[in-house]
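Below: one structure, written as structure tokens.
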Number of protein chains: 2
Amino acid sequence: MLFIKLADQNVPKLDESLLSGLPPFSCLTRPQIRKILDQARSRRYEEGAEIFREGHEADRFFLLLDGYLRVVRTTPGGDQIIVLHISPGQLFGIAPALQRETYPATSIAAAESIALSWPVRLWSDFTATYEGFATESYKTLGSRLGQIQQTLTEMATQAVEKRVAAAVLRMVNQSGRKTDKGIEIAFPVTRQNISDMTGTTLHTVSRLLSAWEKAGIVESTRKHIVVTAPHQLVVISNGTD
Amino acid sequence: MLFIKLADQNVPKLDESLLSGLPPFSCLTRPQIRKILDQARSRRYEEGAEIFREGHEADRFFLLLDGYLRVVRTTPGGDQIIVLHISPGQLFGIAPALQRETYPATSIAAAESIALSWPVRLWSDFTATYEGFATESYKTLGSRLGQIQQTLTEMATQAVEKRVAAAVLRMVNQSGRKTDKGIEIAFPVTRQNISDMTGTTLHTVSRLLSAWEKAGIVESTRKHIVVTAPHQLVVISNGTD
DNA sequence: GGGGGACTTTGCTCTTCATCAAACTCGCGG
DNA sequence: CCGCGAGTTTGATGAAGAGCAAAGTCCCCC
């Protein structure tokens, strides 16, 4: 994928097309976008790298250009759980939107990723200057809040198998790419990761995936999952047996 | 408590002091508050009454004046879980702030309650006109998001006893009132309610409370709980045994 | 090409907690 | 003052899934 256009100097310059298609910026003029880009810092993160950490000073906000992120919380006891995933085109680390001074969770690159970021003081500029930017951001926040509530209720009421099925489906919906076999989750996921999304153990997840594989619902290799019969998973997650 | 001051006519008129102390309105002048109040609808809800329901059109936003609310989500299967509690002085039902057109959860009065509300179209007026209103609202939202994430991680990683202890502590912190015996939760809570907060059953909660009562940590009667040894509960919820 | 580490699988045991069942108690309305 | 219903208590049972152990497999890096 092409993200960077080399300028005459050997300093890479970001291309306007990066932002023009994304909701938070879609109504802006080219010069506006140019200005926003010129204020941004672009950076690459390799798989497993931390973008920012829970509790640290929230001095920048981010936009994911390419890759996938996990947003994670850790308990004092060291257990961690994955609160949500971020896909390309989404804003994240937008603590400033909520008047927070620290990040409420940690972001980790689930795959090699590229993100733009801006210093937090620009947040109020952006929302004040660019019509629709604030609106879109809050919409994002709203749906994210909804997602988390959804996860919470699942966690509280559903048995492990349903939760795991729901988690897999959520990843498929967010990042599924069609293959000849079925729909593949576009970023690396370990059994451990799934257990961190569902509050169970990697053992249990492994058993479930094995069972589903036998039943012809999924195919999986290391860190990769292809869902061949999504409908079956929906059935499992609904308990509509 | 006195909330209503009767005007010359027999139409009740809301007193400015209602709002002047609350963060979202604290920087406003009296005439501004007067105007806000005049646009508000005030209403009483009895215990168990529904203020609004998940999925319904979000046509108003609210401020709780007195009482306590439970914010609840229900699964297709009929299980419900309590996402958070609202105390007096807090805004709620602020779906408009997130550009949502429907409420993401249901609000139920945990005790007899009084709330003000405004039509959703005023939201943009408020945020545009009154400096600090938006800021405060988003701060509220931010801390609420944090709370839910907190609950989620607990739910995913902690054993039942810790979760229940944490839930009781959260209620105590939010609405505890000192009594001669200890700190009392200020609104009615059933075992069932607590189990709905923690994703367990009323049986398990009952057993735990009985055990804690024997250990001298709490005293409880029907729908009411007094914590006599908060520190012990903290110990239980941390696992710092 | 051959470690070696990271990821996965699988079996077994044991705890926790949901579920079922039944009795008890409080408080309210008739 | 009685009876009913909502809330609570307690016991017994069983199943789900965590924890522990150990071996297998893939992939990356040297």
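Naming: A, B, ... by sequence-line order, numbering from 1 per chain.
A heavy-atom distance below 4.5 Å is found between the side chains of B/E47 and B/K223.
Listed pair B/S206 / D/dT9 meets the phosphate criterion, a side-chain N or O lying under 4.0 Å from OP1 or OP2. OP1 or OP2 of D/dA18 has at least one side-chain nitrogen or oxygen of A/T200 nearer than 4.0 Å. Within the 4.0 Å cut-off from OP1 or OP2 of D/dA18, at least one side-chain nitrogen or oxygen of A/T204 is found.
B/R73 has no carboxylate O lying under 4.0 Å from a charged side-chain N of A/E154, or vice versa, which leaves the two without a salt bridge.
In this structure, the NE2 atom of B/H203 is 12 Å from the C1' atom of D/dG11, given to the nearest Å. Rounded to whole Å, atom C1' of D/dT9 lies 18 Å from atom CD of B/E219. Taking atom CZ of B/R207 as the reference point, atom P of D/dT13 lies 13 Å away to the nearest angstrom. Remark: C1' of D/dC27 and CD of A/E47 are 13 Å apart, rounded to the nearest angstrom. Between the CD atom of B/Q192 and the C1' atom of D/dT8 there is a distance of 12 Å, rounded to whole Å. The separation between B/K223 atom NZ and D/dT8 atom P is 8 Å, rounded to whole Å. Distance B/W212 CH2 to D/dT10 P: 15 Å, rounded to the nearest Å.
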Residues 103-110 of chain B, side-chain donor-acceptor partners within the protein, below 3.5 Å, at least two apart:
| from | atom 1 | to | atom 2 | distance (Å) |
| --- | --- | --- | --- | --- |
| B/Y103 | OH | B/R60 | N | 3.1 |
| B/Y103 | OH | B/R60 | O | 2.5 |
| B/T106 | OG1 | B/E54 | N | 2.9 |

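Using a 4.0 Å heavy-atom distance criterion, B/R191 is classed as a sugar-phosphate-only contact. Among the protein residues, B/L202 comes within range of the nucleic acid bases, having at least one heavy atom under 4.0 Å from a base atom.
Across the interface with DNA chain D, nearest-nucleotide mapping of A/G199 and B/T190 shows B/T190 to be the residue nearer the 5′ end.
Each of A/T200, A/T201, A/V205 was scored for a side chain to side chain contact (heavy atoms under 4.5 Å, CB included) with A/H203, with one residue passing: A/T201.
Of all nucleotides listed (D/dG24, D/dG17, D/dG19), D/dG24 comes nearest to the side chain of A/R222.
Heavy-atom contacts of chain A under 4.0 Å fall on DNA chain C between two terminal nucleotides, which in 5' to 3' order are C/dA6 to C/dC12.
Sorted by first then second residue, the salt bridge (Lys or Arg N to Asp or Glu O under 4.0 Å) pairs that include residues 79-93 of chain B, not counting sequence neighbours, number zero.
A distance of 12.5 Å separates OH in B/Y45 from CD in B/E112, rounded to the nearest 0.5 Å.
Below 30°, between 30° and 60°, or above 60°: for A/F62 and A/F92 the angle between ring planes is below 30°, a parallel geometry.
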